[in-house]
Amino acid sequence: MKKEYWQLLLIYAFIGIVAAGFTGCFLYQYRLEYWQTQARDVFHSALQEETQKWKDIPMFRHFSGNFQLDASIDIKREPIKLLLTSEYGQKEFWVPYEKHSRNMERSRDIRGVHSYLLHVSPLSADSLNLFWNNRLASMGFPGTTAVRISVSDWQEHESYAYSEDSLYLSESDSLFTYYLGLRCEVGMTGYLYHSCWMVLSRKDKVLLAVLVASCILLFFIQEYVSKVYHRLFVKEKHIVVEKEVPVVAGHGNPSRICQLEAGVYFDAASRLLKRGDDVVNLTPLLARLLQGFLDAEDYKLSNDEILHLLWPDGSGGSNKMYQSIRRLRDCLSLVSCCTIERGNFAYQLKIPHFIEENSGRIVS
């Protein structure tokens with residue numbers, strides 16, 4: 001019985017862990033989407049804050065011609081052709097639509113201004129990441145951030161600068177990239193790092209623990225829940241045999257074999273419950289208890305009678321009695337439909353009615 005008890009307990013615990021796992025995955029996805037949305041918004045604000053330092057840089061701006069980007073670009077989603085002139089000469093550039101669509105500015109003239117300002121005063125990955133990380137930390141984000149700034153020169157060779165917290169980050173942690181400049185030559189990539197467990201809130205972790213604990217608790221209260229369910233929703237009619245239990249006795253053999261129901265026998269001497277090839281070996285205490293029920297009127301024993309029957313020396317108690325009743329129920333359920341029901345300070349053995357040709361006959 002102990003082995004079956006622990007196996008069943010492990011099954012309930014496993015069910016709780018699996019349920020908590022599925023719930024945890026759902027909560028993780030929900031929290032992850034929330035923090036990614038917040039991180040994008042805050043990163044955009046951090047970029048705007050970082051570019052405020054350009055206000056103090058003196059510059060002369062003069063524009064001529066049409067500097068508006070064609071609206072058809074967003075419809076065709078094709079690369080943008082730019083013909084630019086610098087101290088290095090004139091050169092043609094093709095800007096991928098993905099970079100164009102992620103540029104911080106839509107106006108072409110402002111993009112040109114940004115190209116100049118980025119050349120005069122480049123962005124700092126550490127400064128940008130510090131502002132971004134502090135804003136997210138104030139909102140309760142439990143992870144770590146990092147920033148990478150990529151710069152494409154006139155020859156379209158790219159160089160990279162990372163913030164200090166980027167050593168243990170991978171490309172899979174990158175969240176988004178924004179661009180600045182007429183050629184979208186400067187890209188700012190934000191990285192988020194967090195473990196699955198860190199993303200979950202304290203309430204989420206408590207919920208998962210309660211889910212596992214509830215499944216384990218259900219194992220201990222299942223018998224009580226079953227009784228309440230049957231009492232409230234299941235209508236049962238018990239037919240109790242109001243006659244002596246058939247006994248088979250042999251000459252010179254004091255053993256008693258009692259027939260409980262069709263095909264079910266109790267051998268008091270050998271303490272065996274039998275139903276065909278199925279045999280349950282009772283302990284001396286349980287055999288004495290079952291025999292006591294069979295010998296009692298209406299198969300009913302009071303609590304005091306059970307205590308006196310099993311522990312004549314007075315060493316028994318309520319807990320021992322309850323455990324013995326439960327164990328006898330379990331043994332009966334293996335081979336029989338007989339049950340033991342609790343009444344007012346008493347227990348009664350319920351034997352289902354059966355019809356047999358030799359029922360009630362004593363064979364000697």
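Nothing fancy with the numbering, it's 1 onward along the sequence. Note that the structure is predicted; figures quoted are calculated from it, not measured. These values consider heavy atoms only, across backbone and side chains, with no hydrogens, waters or symmetry-generated copies.
Side-chain contact between Val42 and Trp132 is present, with heavy atoms from C-beta onward closer than 4.5 Å. The shortest distance between side-chain heavy atoms of Met139 and Trp35 falls below 4.5 Å. Taking 4.5 Å as the limit, some side-chain heavy atom of Leu282 sits within range of a side-chain heavy atom of Cys331. Residues Tyr347 and Leu301 fail the side-chain proximity criterion, which asks for heavy atoms closer than 4.5 Å. In this structure, the side chains of Met321 and Leu307 come closer than 4.5 Å at one or more pairs of heavy atoms. Side chains of Val113 and Leu117 form a contact here, defined as non-hydrogen atoms less than 4.5 Å apart. Residues Leu273 and Val279 have side chains not in contact (no heavy-atom distance under 4.5 Å, counting atoms from C-beta outward).
Phe14 CZ: 12 or fewer foreign heavy atoms inside a 6.0 Å radius. Few gaps surround NE2 on His44; more than 12 heavy atoms of other groups in view lie less than 6.0 Å from it. Other residues, nucleotides and ligands contribute at most 12 non-hydrogen atoms within 6.0 Å of the CG atom of Asn344.
The distance between the ring centers of Tyr97 and His100 falls below 6.0 angstrom. Ring centers of Phe176 and Tyr178: under 6.0 Å apart, within the cut-off.
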- Message: One pair to check against side-chain contact (heavy atoms from CB on, under 4.5 Å): Gln291 and Leu286. What are the steps and the verdict?
- Response: CA-CA 9 Å; Gln291 189 62 56; Leu286 296 184; over 6 Å; no
- Message: Between Ser315 and Asp313, is the side-chain hydrogen bond (donor to acceptor under 3.5 Å, both in side chains) condition met? List the steps.
- Response: CA-CA 6 Å; Ser315 61; Asp313 58 355; 2.9 Å; yes
- Item | Criterion side-chain contact (heavy atoms from CB on, under 4.5 Å) on Phe293 and Ile306, from CA distance to verdict | CA-CA 9 Å; Phe293 277 118; Ile306 294 175; 4.3 Å; yes
- Check step by step if side-chain contact (heavy atoms from CB on, under 4.5 Å) holds for Thr189 and Val147. CA-CA 6 Å; Thr189 303; Val147 172; over 6 Å; no
- Are Ser324 and Trp311 close enough, and set up right, to give a side-chain contact (heavy atoms from CB on, under 4.5 Å), and what steps lead you there? CA-CA 12 Å; Ser324 298; Trp311 300 280; 3.8 Å; yes
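Phe131 and Met104 fall into different hydrophobic clusters, where Ile, Leu, Val, Met, Phe, Trp and Tyr are joined by side-chain heavy atoms under 4.5 Å apart, directly or via other members. Using a 4.5 Å cut-off between side-chain heavy atoms of Ile, Leu, Val, Met, Phe, Trp and Tyr, with links allowed through other members, Leu272 and Ile351 fall into different hydrophobic clusters. Using a 4.5 Å cut-off between side-chain heavy atoms of Ile, Leu, Val, Met, Phe, Trp and Tyr, with links allowed through other members, Tyr179 and Trp94 fall into different hydrophobic clusters. Leu9 and Ile15 sit in two unconnected hydrophobic clusters of ILVMFWY residues. Membership requires side-chain heavy atoms under 4.5 Å apart, directly or through other members. Ile221 is not connected to Val210 by any chain of hydrophobic side-chain contacts under 4.5 Å among Ile, Leu, Val, Met, Phe, Trp and Tyr, and they are in different clusters.
Not a single donor-acceptor pair under 3.5 Å links the side chain of Ser121 to the backbone N or O of Leu118. Of the possible donor and acceptor atoms, none in the side chain of Asn129 sits under 3.5 Å from a partner among the backbone N and O of Ala125. The backbone N or O of Arg111 sits less than 3.5 Å from a side-chain atom of Ser115, completing a donor-acceptor pair. Asn103 places a side-chain N or O within donor-acceptor distance of the main-chain N or O of Glu105, the cut-off being under 3.5 Å. Judged by distance alone, the side chain of Arg288 and the main-chain N or O of Leu310 form a donor-acceptor pair under 3.5 Å. Distance alone, capped at 3.5 Å, places no donor-acceptor pair between the Asp267 side chain and the Arg271 backbone. A donor-acceptor pair under 3.5 Å is absent between the side-chain atoms of Ser127 and the main chain of Ser124, judged by distance alone. Between the Glu49 side chain and the Ala46 main chain, no donor and acceptor come within less than 3.5 Å of each other. Panel note: side chain Arg275, backbone Gly263; no donor-acceptor pair is recorded below 3.5 Å.
For Tyr34 and Gln36, the side-chain atoms include no donor-acceptor pair closer than 3.5 Å. Looking at Asp126 and Ser163, their side chains never bring a donor and an acceptor atom within 3.5 Å of each other. Inspection of the Asn319 and Gln323 side chains reveals no N or O donor paired with an N or O acceptor under 3.5 Å.
Classification of the Tyr30-Phe26 ring pair by plane angle, with boundaries at 30° and 60°, yields parallel.
A search for salt bridge (charged side-chain N to carboxylate O under 4.0 Å, His left out) contacts involving Glu156 returns Lys91, not counting sequence neighbours. Arg31 is linked by a salt bridge (charged side-chain N to carboxylate O under 4.0 Å, His left out) to Asp204, counting only residues two or more places apart in sequence or in another chain. Listed by chain and residue number, Glu261, Val264, Cys338 satisfy the side-chain contact (heavy atoms from CB on, under 4.5 Å) test with Ser336 (two or more places apart in sequence, or in another chain).
Both the sub-6.0 Å distance and the 45° axial angle are satisfied by Arg183 relative to the ring of Phe93.
The pair Arg326-Asp330 meets the salt-bridge criterion, with a side-chain N (NZ, NE, NH1 or NH2) lying under 4.0 Å from an Asp/Glu carboxylate O.
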